[in-house]
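Written below as structure tokens is the structure these notes are about.
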Amino acid sequence: MTRLVLLGRQGAGKGTQAGRLAARYGIPHVSTGDLLREAVRLGSDFGRKAKEYMDRGELLPDDVMVGIVEDRLAMPDAALGYILDGFPRTALQAEALDELTGDRPIDVVVDIDVPEEVVVERISSRRVCVDCGALYSTAAPPSSDWTCDVCGGRVVQRDDDTEDAVRRRLALYEELTRPLLEFYASQGKLVTVDGLAEADEVNARIVAAVDGRMHR
Ligand code: AMP
């Protein structure tokens, strides 16, 4: 039973690490960004509205995001645990998460710490599969011509990885999301992991921190 939240700037490696942790612990990777990108891909009215926020680097309204996460965490595959990536991003979302998890609270919150100038560089080289969300970079592309190794989908740059949207997301992170570190530290749930290393090494650091917590 592991309920994890990953915090950290965009480009800190949350998506990559969440995928690995999900495989290791056998629990779902719940990425609000991926859920929204799926809605965009399906072309619903909601998806079109969401894309407007996302392309500007703005946050969707808290009540909308809380509803999405509540529905997702109620699915049977999340009963034994999950890895939340991209949520909560505001104090209101964090309070709502406390409420909706009730007597099955979050166990550990991992902050993946990577300096701003490094994430800007990482985001500019980031590429993603439009179909399954698998992550690549210009330094580690798929093996054949921007075709996803996992599902054969097209691998592209995210529409919201433009310079303006990235700058806006990073500013919102400082203003609205960083205060959550204090919130979770005061609950005794926060571990900070230095994210300035290869993905394997960062993964080993996170696993050591999480396992240390869970077996105390
Ligand atoms: P991400 O993939 O986590 O970088 O999320 C991509 C975009 O989706 C964000 O820039 C926001 O526009 C939106 N988004 C994702 N998660 C949230 C959230 N918890 N609250 C508000 N907006 C979100």
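One-based numbering, in listed order, for ligands and for the atoms of each. One-based numbering along the sequence shown. These numbers come from the heavy atoms of this one structure, side chains and all, not from hydrogens, waters or symmetry mates.
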Checklist entry - Any idea which heavy atoms bring Ala94 and Leu180 closest together, and the distance? => result CB-CD2, 3.9 Å
Checklist entry - Sequence neighbours excluded, which residues qualify as salt bridge (charged side-chain N to carboxylate O under 4.0 Å, His left out) partners of Arg154? => result none
Next on the checklist: Using a 4.0 Å cut-off on heavy atoms, what residues surround ligand 1? Order them by chain and number.
Outcome noted: Thr32, Gly33, Leu36, Arg37, Met54, Glu58, Leu59, Leu60, Met65, Gly86, Phe87, Arg89, Gln93, Arg158, Asp160, Arg169
Next on the checklist: Check for me, please, whether Tyr25 and Ile112 land in the same ILVMFWY cluster - side-chain distances under 4.5 Å, paths through other members count.
Outcome noted: yes
Item to check | Presence of salt bridge, Arg205 and Glu201, under 4.0 angstrom | outcome: yes
Checklist entry - Can a salt bridge be assigned to the pair Asp107 and Lys189 using a cut-off of 4.0 Å between side-chain N and carboxylate O? => result no
Next on the checklist: Any salt bridge linking Arg169 with Glu58? Criterion: basic side-chain nitrogen under 4.0 Å from a carboxylate oxygen.
Outcome noted: no
